[in-house]
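What follows is a single structure, written as structure tokens, with notes after it.
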Amino acid sequence: MALNKKSLLNRVLVGIAIFIVMLGMILLNIFFTNYVGGEDTFVSGRAINSVIISVLILLSVIEMRRALGKDRIPDCFSWLLWLYAIGIMPVYSLFGFMGILFFSLIVFIVAVLTAMFRNRADSLIYIAFMLVYPGLFMSTLLYLNRAEATGNYTQYLYIENDIWVYLNELLGTKHSVSYLLPLNALALALVFSVSTFTDTFAYFVGGLFGKHKLCPDISPKKTVEGAIGGVFGGLVGSAIVYLIFDYSQLFGYGEQFGLSFMGLKWYYVMLTYLLIGLLGSAATQIGDLLASMVKRYCGIKDYSRLLGEHGGIIDRLDGIMLNSVLVSFVFMFIL
């Protein structure tokens, strides 16, 4: 059924808003920084992005909780899921991504105890699923946004000088000073660009040339031709990021915002962009199929109507979540 003019306008406006938010997050990590040795900045771009990502995680957990329903996860677990969704940001700020892993394990242990007292062992599989998807998957965006410099870099280092830094100093945790590389902007750009171009190319190529169904039992509209177009789109998205950050050095800060800053050989730089373009596109499309499979299992059309015709947060970030995991894995070897 074709969209009416009001629905089409909603899709266009929300799509533009999503693009502006993504672009804004990248630019915040470039222009709103706290350079080591420079003037103090109480709130950095990364701090703002951390709040944005944490809100998205909170909304995603709420949407997944709603999708699975109270029959699968009764109200006795609700407080625990709220604690998990709200606690991810402070835990990460204090203890890093490893802290989120242990936090998730603790939450699951408490869920096990609750299940024992309420005789709801059947709910544990759904809670475990939620902790991983969307919880841990989306938490990788926090890692990419604030991944710390682990090498001996003395030039172009940044710190996130915000309220969490002062809290770290007060508690004496190891993250009292977080030295960050400028590659955080590049990482977010790769995730957003590859996923966006994958979805766009898959949609148009599938609509124009799609004949062979990809996974008809999960998503009847997706085609093999659209998937191939999506892979090409992922390569285009990765190439655009390369041209901006490494080739043209568009932002005028020298090469430190690109992979060339790490001293990698040019062929390693090209190989990294190529792999992220190819595998990131595949991850994006698998994430889309995973979200559709869960919706079909739960018997819902969208995870929510928060974004109107676009559905909910998970509906829009399903591919980005898995792509973020892939890019995080790649950047583990770089940062």
Side-chain angles (χ1 to χ4, degrees), residues 25 28-29 33-34 36 40-62 64 77 79-114 127-153 157-185 187-188 191 317 321 324-335:
M25 292 176 68
L28 279 172
N29 276 4
T33 58
N34 185 23
V36 174
D40 288 339
T41 303
F42 181 74
V43 179
S44 67
R46 291 175 178 84
I48 297 174
N49 286 341
S50 294
V51 173
I52 294 174
I53 296 170
S54 299
V55 171
L56 293 176
I57 294 174
L58 172 63
L59 294 174
S60 297
V61 171
I62 293 174
M64 186 60 72
F77 294 99
W79 69 274
L80 188 58
L81 297 176
W82 275 99
L83 174 66
Y84 177 71
I86 295 174
I88 283 180
M89 178 178 175
V91 167
Y92 180 78
S93 297
L94 292 173
F95 305 108
F97 191 75
M98 187 62 69
I100 293 181
L101 293 177
F102 283 107
F103 180 51
S104 301
L105 292 175
I106 292 173
V107 169
F108 185 71
I109 291 173
V110 176
V112 170
L113 295 175
T114 304
I127 293 176
F129 178 74
M130 284 186 60
L131 296 180
V132 176
Y133 182 85
L136 289 178
F137 278 20
M138 286 198 65
S139 296
T140 56
L141 286 172
L142 287 173
Y143 166 76
L144 292 176
N145 179 61
R146 285 192 59 210
E148 296 182 20
T150 56
N152 184 25
Y153 304 101
L157 286 177
Y158 295 84
I159 62 174
E160 185 173 39
N161 187 25
D162 59 8
I163 186 62
W164 300 114
V165 172
Y166 295 103
L167 183 59
N168 272 281
E169 293 176 349
L170 178 65
L171 298 177
T173 59
K174 70 182 183 70
H175 284 265
S176 57
V177 178
S178 296
Y179 292 95
L180 310 171
L181 283 174
L183 295 183
N184 305 98
L188 290 181
V191 171
L317 301 184
M321 277 191 273
S324 178
V325 175
L326 171 74
V327 176
S328 296
F329 182 75
V330 173
F331 270 65
M332 281 174 55
F333 296 95
I334 299 174
L335 294 173

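Note that the numbering runs from 1 along the sequence shown for the chain.
- In terms of heavy-atom proximity, L188 sits nearest to M25 at CD1-O, 4.4 Å.
- In this structure, the separation between CG on L141 and CG on L56 is 8.0 Å, given to the nearest 0.5 Å.
- Here Y92 contributes atom OH and Y143 contributes atom OH; the two are 7.5 Å apart, rounded to the nearest 0.5 Å.
- Among pairs with a residue in residues 96-114, those fulfilling side-chain hydrogen bond (donor to acceptor under 3.5 Å, both in side chains) read Y84-S104, at least two apart in sequence or across chains.
- Y133 meets the ring pair (Phe, Tyr, Trp, His ring centres under 6.0 Å) test with F129, F137; sequence neighbours excluded.
- Under the side chain to side chain contact (heavy atoms under 4.5 Å, CB included) criterion, L28 pairs with F32, I48, N49, not counting sequence neighbours.
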- Item | side-chain contact (heavy atoms from CB on, under 4.5 Å) assessment of I62 paired with L81 | CA-CA 8 Å; I62 293 174; L81 297 176; over 6 Å; no
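- Listed by chain and residue number, S324 satisfy the side-chain hydrogen bond (donor to acceptor under 3.5 Å, both in side chains) test with T140 (two or more places apart in sequence, or in another chain).
- Between M321 and P134, the shortest heavy-atom contact is SD-CB, 3.7 Å.
- Taking CD1 of I100 as the start and CE of M89 as the end, the distance is 11.0 Å to the nearest 0.5 Å.
- Not counting sequence neighbours, the partners of L101 by the side chain to side chain contact (heavy atoms under 4.5 Å, CB included) test are F97, M98, L136.
- In this structure L59 satisfies the side chain to side chain contact (heavy atoms under 4.5 Å, CB included) test together with V55, L306, I313, sequence neighbours excluded.
- Qualifying side-chain hydrogen bond (donor to acceptor under 3.5 Å, both in side chains) partners for S54, counting only residues two or more places apart in sequence or in other chains: none.
- For F102, there are no ring pair (Phe, Tyr, Trp, His ring centres under 6.0 Å) partners, not counting sequence neighbours.
- Residues that satisfy the side chain to side chain contact (heavy atoms under 4.5 Å, CB included) test with I86, not counting sequence neighbours, are L58, W82.
- Between R46 and N145 the shortest heavy-atom distance is O-ND2, 3.0 Å.
- From I53, atom CD1 reaches atom OG of S139 across 9.5 Å, with rounding to the nearest 0.5 Å.
- Remark: F77 engages no residue in a ring pair (Phe, Tyr, Trp, His ring centres under 6.0 Å) (not counting sequence neighbours).
- With rounding to the nearest 0.5 angstrom, the CD1 atom of I57 is 12.0 Å from the CD1 atom of I52.
- Of all the heavy atoms in F331 and L144, the pair that sits closest is CB-CD2, 4.3 Å.
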